[in-house]
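Down below is the structure, laid out as structure tokens.
So you know, we letter chains A, B, ... as the sequences are listed, proteins then strands, and number each from 1.
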Amino acid sequence: MLFERTTVFVQVVTIEGVVEEIIYCNYQNGYTVCAVDTAQEVVTVTGYIPYLCEGENVKLAGRFTNHPEYGRQFAAQYYEKTLPTTSAAILRYLASGVVKGIRLATAKKIVDTFGDDSLTVLMAAPERLAQIKGISKAKALEIGEAYAKQQGAQSIIMFLQQYGVSPSVALKVFRRFGADAVNYIKDNPFLLADEIGGVSFQTADRIALAMGVEKNSISRIKAGVKYILAHNAMTNGHTYVPFDDLVYTAVSMLGVDIAEAERAIRRLSLEQQTHTETIDGNEAVFLMPVYMAEGIVAKKLCALALAGPLCSPDQAESLIGEALDNMALELACEQKKAVLAALQNGVIVLTGGPGTGKTTIVNTIIQIMQKMGFSVALAAPTGRAAKRARELTGACAKTIHRLLEIGYTDDENVQNFMRDETNPLDEDVIIIDEASMLDIPLAGSLMRAIRPDARLILVGDNDQLAPVGPGNLLGDVIASGAVATIRLTQIYRQAAESDIVQNAHRIIHGERPRWGSRDSDFFFMPRPDAACAAAEVTRLCQTRLPSSYGYDPLRQIQVLSAMKKGPAGVKNLNKLLQQALNPAASGKAERAFGDTVYREGDKVMQIKNNYDIRWESMAGSEAGTGVFNGDMGFIERLDAENKQITVVYDEERRVTYDFAQLEELDLAYAVTVHKSQGSEFDAVVMPVYHAAPMLMRRKLLYTAVTRAKKLVVLVGSESGMNACVENAGEQGRFTGLKARLQNREAAGALPGPAQ
DNA sequence: CTCCCAGT
């Protein structure tokens, strides 16, 4: 029955066998690597199989994978344990330590006494164990309890697996509710979505329906309301939802009446699962974790803002002068002011568009801080942005996740950081680059980990992409006026009269860009639909731009797109561009992986951090480890014989991958605008068309356009582009941070008695 | 519909 349900997975295979050896087990979440002896072979199995023990018999459904280091493995999606039935198998099972209190000696005694009935005795009449010499009555009951617990864990895992709920979630349910977990869930399936997490409201609702839960049951409405709040935070960027909107949405989604919805919302607030307060005249309902995160951000920023200057203005002047001499640099007046502000305030925001010299300022600040004996941490919200910061400053920049030492969790919605208030970051100065992409949950985690006596510098361009997650941190902080903010306005990178610069300004002010003249650096080419746009983008890269401007299509032109999917999405563009710029040819080795063909000469991007992979410099004189999410390079060689692929990054570091590691790579002729943030290119070519308004916002177009140093070509629908320019976006985000920063007492930041 | 993170 169970195994019929697994048809949703491609190429699902079932295997059965005895667990030979537990190779690895994460006891927190049940992730296990083990060797399973089927009749034919010994297979390495990975998957969430909690409480698995050597000697147990398992049926597994999943698929075979090829691990780069450990070779052929079976990734189990579903499992069933079958209890051993023969004395010999039972002995092995009990001796494995599956039941707390039984090891080999005790297992032998039990099996000698009860034979094939051993497990029945353990389950139904554990007191009978006391017949055995050496087992007291108390010990017998203790063993019985341990066995019941083990079986209880199995029963909730098996029960939930029927509904497609993963064993790792089931394990959490078991930890929370114990041996009686199945009854708890049958009683209120919404506990899965609610208290446990990791299960969607829809799945819980499906289970509830099967259990016969009423449509207007309060637990269903409460869970539905929390789902609406979470969904709005995740997909719309709101940190709260106005009460009236929440009632309306709950009524239409859940099919209940207004009074029922209101009652459930009030109840959640009373139970402190949500927080309700008045913001901007609206009654605002927050999900508790988001409310807490926003509060921590407000509180920490206000506290940091109280810190005094690090040195006198005279000292600062001389420190700056010295640093600039060392770096053979000069700073403009506003840039110098920014460095000064960093020395005088516990927290500052440094904001400005591309080319306004943010990086130079950050470099100077790092120099001075280190000179003063302070340690500095530099981090950014994305791998790409962190890498860019690393290249430009020479400092060891990381992702914020990495800085906070993210630990593993089985719940995608919860992140678990090793660094927090009890184990704060060691560094004295924390610099966050691309802070516009910082969402409230991550900002909350970051603020918790910053020591009260540390200093924080937020660097970003509030006109660039809003975070994917909830909140409008940088915008709110700047608008609040509660944090010293330095706005950089002078552009050094391009001439101010450049059409790229002019149009970037127009876009951000909601005005339509202008184009036309032949000697401009900004062009728009109308095409009737996304497919035509994609074809024109390809033509531009292949022939038009190389012949008109002499650009190298692979190294100087970067194609960007808002989306991955669709005819003008990154995936399809990569196919078209690969065909145009690096077509199949005899003598050019290639290799298919998934639905992508990789070929010698391809432009590729590393899409997940790999801290261990080795690289060698082209001359072979230097070596090191680590290739990071967002690194771009070219396939130099594809060696079918050794199943290896060589990629050269930045023309200097050579990395060899096994074929199985191709999942870490993607073609990079085209990348998403999000991924491009923090990078710049000579020429940017981008299809523009009508798409999800949540995505097609003015900031997206601004970010794309400002990636270009010399040339921008937009291709597609003019009305689509105009809609994008007119879609301001973040004004539509409901957030409470600005209000809280402006009301410092509410943020709880004022020390001592009220003033 | 866009981003970040992980064990033998």
Side-chain angles (χ1 to χ4, degrees), chain A residues 20-36 43-49 52 65 67-75 168 231 234-237 379-387 398-419 432 434 436-443 445-446 464-471 560-566 568-571 607-612 628-630 663-664 671-678 689-697 699-701 703-704 724 727 729-730:
Chain A
E20 279 269 291
E21 188 196 349
I22 304 292
I23 299 167
Y24 169 86
C25 183
N26 179 334
Y27 295 99
Q28 290 297 306
N29 59 33
Y31 178 82
T32 304
V33 180
C34 61
V36 171
V43 183
T44 304
V45 170
T46 64
Y48 292 91
I49 316 176
L52 190 63
T65 59
H67 190 282
E69 212 170 311
Y70 307 109
R72 196 170 108 99
Q73 297 188 325
F74 187 83
S168 57
H231 179 80
M234 295 310 292
T235 66
N236 300 335
T382 69
R384 180 86 207 119
K387 177 172 185 246
K398 315 168 176 181
T399 61
I400 294 169
H401 294 82
R402 198 69 196 163
L403 180 73
L404 301 181
E405 296 170 25
I406 190 164
Y408 185 86
T409 59
D410 50 353
D411 185 346
E412 282 175 31
N413 301 314
V414 178
Q415 295 187 321
N416 169 32
F417 296 105
M418 300 300 131
R419 295 290 181 171
I432 303 298
E434 301 292 1
S436 58
M437 293 178 103
L438 200 51
D439 65 26
I440 285 294
L442 186 58
S445 301
L446 174 67
Q464 285 189 45
L465 291 170
V468 175
L560 303 181
S561 179
M563 282 183 297
K564 289 192 195 166
K565 293 176 185 168
V570 161
K571 270 213 150 328
I607 54 164
K608 59 186 273 197
N609 290 343
N610 185 334
Y611 296 91
D612 304 318
F628 302 98
N629 190 348
E663 63 180 10
E664 294 183 16
V671 303
T672 59
V673 179
H674 278 81
K675 271 251 193 263
S676 77
Q677 174 136 299
Y689 43 91
H690 287 281
M694 203 54 72
L695 185 61
M696 301 304 283
R697 290 178 168 169
K699 286 180 170 184
L700 182 104
L701 195 60
T703 303
C724 195
N727 183 359
E730 85 281 5

Has the side chain of Y48(A) got a donor or acceptor atom sitting under 3.5 Å from an opposite partner on the base of dG7(B)? yes
So, under a plain 3.5 Å distance rule, would you say the side chain of H401(A) forms a donor-acceptor pair with the base of dC4(B)? yes
Any side-chain to backbone donor/acceptor pair from [X] onto [Y]? Under 3.5 Å, distance only.
X	Y	result
T399(A)	T382(A)	no
N609(A)	F628(A)	no
T32(A)	C25(A)	no

What's the [atom1]-[atom2] distance between [X] and [N], to the nearest Å?
X	N	atom1	atom2	value
L403(A)	dC4(B)	CG	P	16 Å
N610(A)	dA6(B)	CG	P	10 Å
I607(A)	dC4(B)	CD1	P	10 Å
H231(A)	dT2(B)	NE2	C1'	14 Å
F74(A)	dT8(B)	CZ	P	21 Å
K398(A)	dC3(B)	NZ	P	24 Å
I440(A)	dC4(B)	CD1	C1'	16 Å
F417(A)	dC5(B)	CZ	P	10 Å

So what does [X] hit on the nucleic acid, given a heavy-atom distance under 4.0 Å: a base, only sugar-phosphate, or nothing?
X	answer
Q73(A)	base
D439(A)	nothing
K608(A)	nothing

Select one nucleotide: of [options], the one nearest the side-chain heavy atoms of [X].
X	options	result
R402(A)	dC4(B), dA6(B), dG7(B)	dA6(B)
Y24(A)	dG7(B), dC5(B), dC4(B)	dG7(B)
V468(A)	dC3(B), dC5(B), dT8(B)	dC3(B)
N26(A)	dG7(B), dT8(B), dC3(B)	dG7(B)
Y70(A)	dC4(B), dC3(B), dT8(B)	dT8(B)

Any side-chain N or O of [X] below 4.0 angstrom from OP1/OP2 of [N]?
X	N	value
N416(A)	dC5(B)	no
K571(A)	dC1(B)	no
T46(A)	dT8(B)	no
T44(A)	dT8(B)	no
N236(A)	dC1(B)	no
K699(A)	dT2(B)	no
N609(A)	dC5(B)	yes
R72(A)	dT8(B)	no

Does some side-chain heavy atom of R72(A) sit less than 4.5 Å from a side-chain heavy atom of T44(A)? no
Over all atoms of both residues, closest heavy-atom pair of A380(A) and A386(A): CB-N, 3.7 Å
Nearest heavy-atom contact between S561(A) and G569(A) is OG-CA, 3.8 Å
